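For clarity, every value in this text was computed on a predicted model and none was experimentally measured. Here is how names work: the chains are called A, B, and so on, in the same order as the sequence lines, proteins then strands, and each is numbered from 1.
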Number of protein chains: 2
Amino acid sequence: MLTKPPGMAAMPEAPRGTRDLLFLREAEIRLAQDLLFFGYRGFTAPPDQILETLDMGRAHHRVLHFVGRRPGITVGDLLGILGITKQSLGRVLQPMIADDYVTQTAGRSDKRQRLLSLTEKGAALERQLYDSQREVIMRAYREAGPQAVEGFRRVMRGLMGEAAREEIDRLEARRP
Amino acid sequence: MLTKPPGMAAMPEAPRGTRDLLFLREAEIRLAQDLLFFGYRGFTAPPDQILETLDMGRAHHRVLHFVGRRPGITVGDLLGILGITKQSLGRVLQPMIADDYVTQTAGRSDKRQRLLSLTEKGAALERQLYDSQREVIMRAYREAGPQAVEGFRRVMRGLMGEAAREEIDRLEARRP
DNA sequence: TGGATATGTCAATCATGCTGACCAAACCCC
DNA sequence: GGGGTTTGGTCAGCATGATTGACATATCCA
């Protein structure tokens with residue numbers, strides 16, 4: 001089963017002189033990949049730890065987060081934000097309604113809609129999860145400084161698609 | 001099944017005068033949560049699209065990335081980086097070896113070890129996935145500017161635990 | 001009235017993680 | 001040299017969260 005030498009792939013060709021520059025560029029991109037992988041993991045770890053004691057997962061957290069962020073959101077809008085199918089959402093959302101974390105209300109203008117909001121219980125859990133992430137983010141922000149935070153925001157916005165950028169703007173605008 | 005009004009949870013109390021400050025703080029943290037969610041998704045979307053045509057997933061990409069990043073890495077070290085169990089890794093890694101994306105070589109000093117490297121085929125796929133992510137990252141970096149990139153790096157480093165920070169330093173140091 | 005829309009649900013499947021148990025080979029120390 | 005430890009592989013079973021396809025219901029709107 002074991003082979004002899006690995007036989008690594010060749011580096012891509014580059015004209016003399018530009019080689020160092022291209023190489024530095026590649027190193028920067030590779031670093032970005034590593035930072036996003038480990039950074040995102042650090043960001044999700046604290047809520048994950050709390051959730052597993054409640055037999056919930058990251059999917060539940062996302063529902064709590066975005067429903068809390070936009071109370072009265074429709075199921076369709078939530079599906080659009082999460083980017084999953086209604087079947088996938090249903091399996092997470094319906095138990096959360098049954099367990100009194102989320103409530104549904106029929107839409108005023110369109111009675112087909114089910115407007116979602118957090119209950120007191122749901123809001124309390126969301127706040128606990130929020131606090132655990134707040135700690136991590138505050139520490140990172142404090143260590144990096146305000147200018148770095150602004151740079152972080154600019155880069156993260158650039159990483160997402162146009163649709164997500166508009167979605168974030170909508171979430172920010174709706175700030176109560 | 002539908003209840004009447006949502007009954008939103010109360011905002012946490014805060015003494016007069018500090019209220020605005022605390023509120024702004026919370027808005028900043030909430031924004032960070034949104035940015036990380038949508039940004040990470042934008043970052044992973046392009047490789048995911050390629051991978052699904054090959055019947056592979058994100059787990060395969062992570063193996064390709066970190067083995068490519070550290071050729072000759074041991075199975076144990078890879079497990080440590082990925083933070084998963086050997087059973088989970090095995091199910092992804094063994095098919096990749098069978099399909100000639102990854103090779104194993106017995107360690108020179110310790111023959112129990114299986115040193116992992118990418119084959120030509122594996123390196124080619126890894127580069128294709130890298131290129132798709134490179135596009136997204138380059139665009140975000142270009143739009144945000146060099147100072148923002150430095151800030152992004154500082155914040156992402158702060159988000160991860162000490163162990164991950166050391167791991168990244170090790171990966172950077174091993175730059176060929 | 002009838003088609004489109006919003007939501008829910010059943011059934012099957014897939015990807016990726018987990019635990020527990022166990023095995024084999026190699027290493028290392030007494 | 002023998003015995004315990006380490007490294008890696010593997011089997012079985014399970015959970016989560018995603019998918020598709022098909023279908024049901026209630027409501028909206030032209």
Quiz prompt | Between C1' of C/dA6 and NZ of A/K111, the distance in whole Å | solution = 15 Å
Practice problem: Give the rounded distance in Å between these two atoms: CG of A/L115 and C1' of C/dT7. | Solution: 12 Å
Quiz prompt | Protein-nucleotide distance (A/R91, atom CZ; D/dA15, atom P), rounded to Å | solution = 13 Å
Self-check item: Side-chain N,O (B/Q94) to OP1/OP2 (D/dG9) below 4.0 Å
Solution: yes
Exercise. Kindly point out which of C/dG8, C/dT19, D/dT20 is positioned nearest to the side chain of A/T85?
Key: D/dT20
Exercise. Apply ring-ring contact (aromatic ring centres under 6.0 Å, His included) to A/Y40 and B/F43, showing your working.
Key: CA-CA 11 Å; A/Y40 193 74; B/F43 163 73; 9.4 Å; no
Quiz item: When the distance from CG of A/D55 to P of C/dG17 is rounded to whole Å, what number comes out?
Solution: 20 Å
Quiz item: Given D/dG17, is OP1 or OP2 found less than 4.0 Å from the side-chain N or O atoms of A/S88?
Solution: no
Exercise. Could you please name the option among C/dC18, D/dG17, D/dG8 that lies closest to any side-chain atom of A/A59?
Key: D/dG17
Quiz item: From D/dT19, D/dT27, C/dA26, pick the nucleotide closest to the side chain of B/R112?
Solution: C/dA26
Quiz item: Rounded to the Å, how far apart are B/L93 CG and D/dG9 P?
Solution: 7 Å
Quiz prompt | Rounded distance (Å) that lies between atom P of D/dT20 and atom CD1 of A/I84 | solution = 12 Å
Quiz prompt | Close side-chain approach of B/I137 to B/Y130, heavy-atom, < 4.5 Å | solution = no
Self-check item: Short side-chain N/O contact from A/H60 to OP1 or OP2 of D/dT16, under 4.0 Å
Solution: no
Quiz item: If you take atom types as modelled and just measure distance, does the side chain of B/Q87 reach the base of D/dG13 with a donor-acceptor pair under 3.5 Å?
Solution: no
Quiz item: Could you give the CD-to-C1' distance, from A/E52 to D/dG17, as a whole number of Å?
Solution: 16 Å
Exercise. Under 4.0 Å from any atom of DNA chain D, heavy atoms only: list the residues of residues 74-82 of chain B that qualify, in numerical order.
Key: B/T74, B/V75, B/G76
Practice problem: For A/S109 and for A/R58, find the nucleotide of DNA chain D with the closest heavy atom, then tell me which residue's nucleotide is more 5'. | Solution: A/R58
Exercise. Between C/dA6, C/dC22, C/dT7, spot the one nearest the side chain of A/D110, thanks.
Key: C/dA6
Quiz prompt | Nearest listed nucleotide, side chain of A/R114, among C/dG17, D/dA22, C/dT7 | solution = C/dT7
